[in-house]
Amino acid sequence: MRIDTKGRFSFTGGTHPPESKTLTSESKIQSFPAVKQVAIMLSQHTGAVCRPLTRKGNTVQAGQKIGDSDAFVSAPVHSPITGKVKEITLQSHPVLGRSPAVVIDALPHYPPKRPDFKLKDDFDENSYSAEQICDAVRQAGIVGMGGAGFPTRVKIEPNPRLPKETLVINGCECEPYITCDYRIMLEWTNQIIAGIKLARRASGCSKVFVGIEDNKPQAIEAMNAALNTCADSDGIKVVPVKTKYPQGGERQLIKAILKKDVPAGGIPPMIGVVVLNVATVAVIAEAVIYDSPLTHRVVTVTGEGIANPGNFYVPIGTSVAELIEFCGGLTEEVVKVIIGGPMMGIAIADLTTPVAKTTGAVTVLTKKQIGAAKFAGRQTPCIRCGRCLEVCPEHLNPTKIAHAVKNNLLEVAENYYINACMECSCCSYVCPANIELTGYIKTGKTLLAGQKESSPG
Ligand code: SF4
Ligand code: SF4
């Protein structure tokens, strides 16, 4: 039977930056060689920072828990290698600037973990209770691997106040350049489906939709073919969605597939929906079936500034410098190294920054990709063309918010719903005046958060 891969659903707003995925889309997931050192950040998720469970000089085993927190919204961290704790120190963090991290020197000859998960023939999600699944997910330290890093146990576990009805699996990967989720969908298809079934069982959702952008017909076909041959896949439906950035945003995907709006400032469970990324469900399967903690992930190392781009199964905690070196180093014209992609990613200056659970890509751009005018930071006055309003997927007025922030009128920015901005960069991308609208908005959000933290009561 021919599978229709054309996407018919989407959201209003958004834009179409060059996809630039061909650099790595045919690059199979390769195992990264044994590393000499890792730095495991104690803050890799939304929620409480972990406290270290080891100290300088201790020997730790691959898979050993080395940090945890008693807070409800938190996730433990584990060592991906067998080695000796060199120190616990502050390490460069793409979002926080600095984070405490456990630095581990590998003991010689420890074997690198390989991405060779094999689904047990007798796998049956019904042999696990919801509680067992949630527990395994928590113990494995699983967080949203699509970028947000929200602890997955909190997302999937039953909550009588917010009963869950629909599970949406995010296979859009709309950010330019990145192909790690695409390769996972092609190469780990059965593992994803096992993870979906486990997440469905844990959350109690009756319906499951797998949203994939229609620029990935092979992934749509692979997922459909695997679902057609496995038992108990009724109620799991693959939905091709239109290729448009940011189609992979939670709210945008829910709108496209379910035609529902998540309330402004709200979260998907408020309308009975749970959204999980394909990489996240893949590790759920590993954690529940093999009791395996989240110690490795697939990272796309890409961009015209990288000599040999590709997709790699990497120990969490590996430095960006080591990834780049393994990929043949930088080309001459490099001007920007980004954790993530060019739209929502964060540029870093310190290449010792370690890979985190949420690091799907390292993108290295040259002056040519960034554009000469943007590179020079040349801005001109706003010409009131309205393009930024047209593309904003959250229906905000980016120019007014940016203007308020620029003039230190944070209350005004708040009244324009600055906190509803998902920082997708669509507005900055289309602005003919080169105004860094998203940059102003991010600054405004940080200043507002700081004001709230320091205000009494
Ligand atoms: S205002 Fe925020 S959500 Fe809207 S386009 Fe700009 S970055 Fe995206
Ligand atoms: S896109 Fe740029 S120039 Fe056009 S209205 Fe928005 S800020 Fe002004």
Side-chain angles (χ1 to χ4, degrees), residues 10-18 94-95 146-148 170 172-178 213 241-256 261-268 275 336 338-347 363 370-449:
S10 195
F11 60 97
T12 51
T15 187
H16 294 273
V95 179
N170 192 344
C172 286
E173 200 166 54
C174 59
E175 177 83 37
Y177 284 95
I178 308 179
E213 278 190 329
V241 288
K242 282 186 182 164
T243 300
K244 181 166 64 165
Y245 177 84
Q247 185 60 82
E250 276 192 347
R251 302 160 74 90
Q252 287 65 40
L253 190 55
I254 291 171
K255 183 72 181 173
D261 289 302
V262 179
I267 50 172
V275 183
K336 216 173 195 182
I338 303 168
I339 295 281
M343 298 297 277
M344 285 188 89
I346 298 173
T363 307
I370 291 177
K374 277 238 182 327
F375 177 62
R378 242 178 270 136
Q379 291 187 7
T380 51
C382 169
I383 56 169
R384 309 219 179 281
C385 65
R387 285 191 212 170
C388 55
L389 280 85
E390 271 168 35
V391 298
C392 179
E394 295 293 342
H395 314 296
L396 304 174
N397 189 328
T399 180
K400 285 203 163 153
I401 302 174
H403 191 70
V405 173
K406 211 170 163 183
N407 290 289
N408 206 17
L409 300 169
L410 295 182
E411 212 173 294
V412 175
E414 216 174 0
N415 290 338
Y416 283 121
Y417 304 101
I418 185 173
N419 284 321
C421 168
M422 62 183 288
E423 302 177 11
C424 66
S425 290
C426 285
C427 50
S428 306
Y429 179 74
V430 297
C431 177
N434 265 328
I435 300 172
E436 241 318 315
L437 295 157
T438 317
Y440 284 118
I441 295 171
K442 280 185 188 175
T443 305
K445 285 167 82 173
T446 309
L447 292 173
L448 265 171

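Order of appearance sets the numbers: ligands from 1, and atoms from 1 within every ligand. All residue numbers refer to positions in the sequence shown, counting from 1. In what follows, every heavy atom counts, from backbone to side chain, and hydrogens, waters and symmetry copies are set aside.
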Specify whether an N/O/S atom of C424 falls short of 2.8 Å from atom 4 (Fe) of ligand 1. no

Nearest non-hydrogen protein atom to atom 5 (S) of ligand 2, with distance, is G386 N, 3.3 Å

State whether C382 contributes an N/O/S atom found under 2.8 Å from atom 6 (Fe) of ligand 2. no

Starting from atom 6 (Fe) of ligand 2, find the nearest protein heavy-atom neighbour and note its residue, name and distance. C388 SG, 2.4 Å

In ligand 2, which numbered atoms sit nearer than 4.0 Å to a non-hydrogen atom of T399? 7 (S)

Residue P398 vicinity, atoms of ligand 1 by number, heavy atom under 4.0 Å: 1 (S)

Which atoms of ligand 1 are found less than 4.0 Å from any heavy atom of T438? 7 (S)

Is the number of heavy atoms from other residues, nucleotides or ligands within 6.0 Å of OH (Y416) greater than 12? no

Tell me, please, if C421 has any N/O/S atom, main chain or side chain, under 2.8 Å from atom 2 (Fe) of ligand 1? yes

Which residue and non-hydrogen atom of the protein lie closest to atom 2 (Fe) of ligand 2, and at what distance in Å? C431 SG, 2.4 Å

Decide if atom NZ of K336 counts as having more than 12 heavy atoms of other residues, nucleotides or ligands within a radius under 6.0 Å. no

When you measure from atom 4 (Fe) of ligand 2 to every protein heavy atom, which one gives the shortest distance, and what is it? C385 SG, 2.3 Å

Just to check, does V391 reach to within less than 4.0 Å of ligand 1 when the distance is taken from its heavy atoms? no

Can you tell me the protein heavy atom closest to atom 3 (S) of ligand 2 and the distance? I383 N, 3.4 Å

